Colleague: 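Structure incoming, see below.
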Protein chains: 2
Amino acid sequence: MAQSATSHEGIGLDQMLCFAIYSTNGAFNRAYRPILDPLGLTYPQYLVLLALGEADEMTVGAIGARVFLESNTLTPLLKRLEAAGHIARRRDAADERQVRVSLTPQGRALLHDACAVTEDMAVSLRLSREQAEALRGAIVTLRDTLNTLSANRDG
Amino acid sequence: MAQSATSHEGIGLDQMLCFAIYSTNGAFNRAYRPILDPLGLTYPQYLVLLALGEADEMTVGAIGARVFLESNTLTPLLKRLEAAGHIARRRDAADERQVRVSLTPQGRALLHDACAVTEDMAVSLRLSREQAEALRGAIVTLRDTLNTLSANRDG
DNA sequence: AACGATTAGATCGTGTGCGATGTAAACCGG
DNA sequence: CCGGTTTACATCGCACACGATCTAATCGTT
């Protein structure tokens, strides 16, 4: 990937790992949309609900650390989930700076439904559990390398 | 990935291949930003320039097929690249419906610079050429499976 | 030649993402 | 206990990304 195979230009799209990730992310979005749309959810909203399913009463910052997003993205997203009745937001009594987010019963039920349909799609990927796990592990390792690079730049 | 390991909920974020892809895509964006920002480019703009580097005088549709985007995303992006002087857009004389996009000399020089810095980052990923190629191939296969799923749904 | 169907781009509205900045609460050294 | 710093979240502006829709050009059939 670091060196050119063709004559005219430095890098071709097809040799780039980042484009493979970029385009596959788009493909996942397109695949999930027809599943999530009838439920009234976007893909990032679904990820946030999954995070809350793992640990309820999280702060905005904790959710952000889990899904790699900041408050500037999460605050409007959470407000939409709240308006839809899927979550509740309230200031922490002990530290008024923090906002605690919790699933409503309706949100928990929705998450349950979304997970069920999602598991069907996992089967459609045509990967064995071992293949999927090996691939996932390699990708996450790459992600962590990238995050370390960015963190080192910021100091 | 298709079956639950935990007791309380269906799926955990950490077992999901789609979240690995999603979060790694974000990590790539964050890693490329400090490289591309000084050049006045966004990451999708860079991908489009790369596509034009491979084949100049492409139509909007051809670019879209290459980077998996539609005209609703590409038209404004191309207008910004045009306003910056990196590309030229003109209607095809033979078929006035089509718009031909070409790199200006300035755009070609910019692409050259961007590629150079990008190759440095490829080294930082700490993957051998063989590892990177194997990983890229597996991800692209997954992408193609997903795209086939979506295409079959549309008919 | 004529006209309905198809195709290529463009436009619009909504929802992310994120850098930069704002605001209020909590912390902390003196 | 007080003023400066840090922290947590919110706000704003810009740039994707995409479904839905529009317009203009081309094609196909008669």
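Just so we're on the same page: letters track the sequence lines, and every chain starts at 1. For clarity, every value in this text was computed on a predicted model and none was experimentally measured.
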Colleague: Between Tyr43(A) and Phe28(A), is the gap from one ring center to the other below 6.0 Å?
Modeller: no
Colleague: Starting at atom CG of Asn25(A), determine the distance to atom C1' of dC18(D), rounded to an integer number of angstrom.
Modeller: 14 Å
Colleague: As a quick check of understanding, evaluate side chain to side chain contact (heavy atoms under 4.5 Å, CB included) for Glu133(A) and Glu130(A), giving each step before the final call.
Modeller: CA-CA 5 Å; Glu133(A) 184 51 30; Glu130(A) 292 73 20; 5.9 Å; no
Colleague: Considering only dG17(C), dA25(C), dA24(D), which nucleotide approaches the side chain of Leu69(A) most closely?
Modeller: dG17(C)
Colleague: Looking at dA17(D), dC18(D), dA10(C), which one has an atom nearest to any side-chain atom of Arg33(A)?
Modeller: dC18(D)
Colleague: Under the 3.5 Å rule, do the base of dA8(D) and the side chain of Ser71(A) count as making a donor-acceptor pair?
Modeller: no
Colleague: Looking at dC9(D), dA15(D), dA26(C), which one has an atom nearest to any side-chain atom of Thr59(A)?
Modeller: dC9(D)
Colleague: Glu70(B) near the nucleic acid: base, sugar-phosphate alone, or nothing, with a heavy-atom cut-off under 4.0 Å?
Modeller: nothing
Colleague: Starting at OH of Tyr22(B) and ending at C1' of dG15(C), how long is that distance when rounded to a whole Å?
Modeller: 11 Å
Colleague: Using whole Å, what does the distance between atom P of nucleotide dG19(C) and atom CG of Asn72(A) come to?
Modeller: 8 Å
Colleague: Looking at Gln45(A), does any N or O in its side chain come under 4.0 Å of the phosphate oxygens OP1/OP2 on dT16(C)?
Modeller: yes
Colleague: Between Val140(A) and Tyr22(B), is there a shared hydrophobic cluster once you connect ILVMFWY residues whose side-chain heavy atoms come closer than 4.5 Å?
Modeller: no
Colleague: Nearest-Å distance, CG (Asp92(B)) to P (dG9(C))?
Modeller: 9 Å
Colleague: Would you give the length of the straight line joining atom CG of Leu146(A) to atom CZ of Arg126(B), rounded to the nearest 0.5 angstrom?
Modeller: 12.0 Å
Colleague: Reckon Thr42(A) touches a base, only the sugar-phosphate, or nothing at all at heavy-atom distances under 4.0 Å?
Modeller: sugar-phosphate
Colleague: Whether Tyr43(B) contacts dC18(C) is assessed here as follows: a side-chain N or O lying under 4.0 Å from the phosphate OP1 or OP2. Is that the case?
Modeller: no
Colleague: Rounded to whole Å, how long is the line connecting atom CD of Glu96(B) with atom P of dA24(D)?
Modeller: 13 Å
Colleague: Going through the distances and angles, do Leu81(A) and Leu41(A) end up as a side chain to side chain contact (heavy atoms under 4.5 Å, CB included)?
Modeller: CA-CA 9 Å; Leu81(A) 285 177; Leu41(A) 285 178; 3.9 Å; yes
Colleague: Which part of the nucleic acid, if any, lies within reach of Ala94(B) when heavy atoms closer than 4.0 Å are counted: base, sugar-phosphate only, or nothing?
Modeller: sugar-phosphate
Colleague: Taking CD from Glu82(A) and P from dC9(D), how many angstroms apart are they, rounded to a whole number?
Modeller: 14 Å
Colleague: What nucleotide, of dC16(D), dT16(C), dA10(C), holds the atom closest to the side chain of Thr73(B)?
Modeller: dC16(D)
Colleague: Would one find a side-chain N or O of Arg97(B) under 4.0 angstrom from OP1 or OP2 of dC22(D)?
Modeller: no
Colleague: What integer distance in Å separates Asn29(B):CG from dC18(C):P?
Modeller: 7 Å
Colleague: State which of dT11(C), dC16(D), dA24(C) makes the closest approach to the side chain of Lys79(B).
Modeller: dT11(C)
Colleague: Could you give the CG-to-C1' distance, from Leu36(B) to dC16(D), as a whole number of Å?
Modeller: 14 Å
Colleague: At under 4.0 Å, does any side-chain N or O of Arg91(A) touch on OP1 or OP2 of dA8(D)?
Modeller: no
Colleague: Val99(A) side chain: which of dC18(C), dA10(C), dC9(D) is closest?
Modeller: dC9(D)
Colleague: Looking at every strand, decide which applies to Arg100(B) at a 4.0 Å heavy-atom threshold: base, sugar-phosphate, or nothing.
Modeller: nothing
Colleague: Please report the closest heavy-atom contact between Leu135(A) and Ala138(B), naming both atoms and the distance.
Modeller: CD1-CB, 3.8 Å
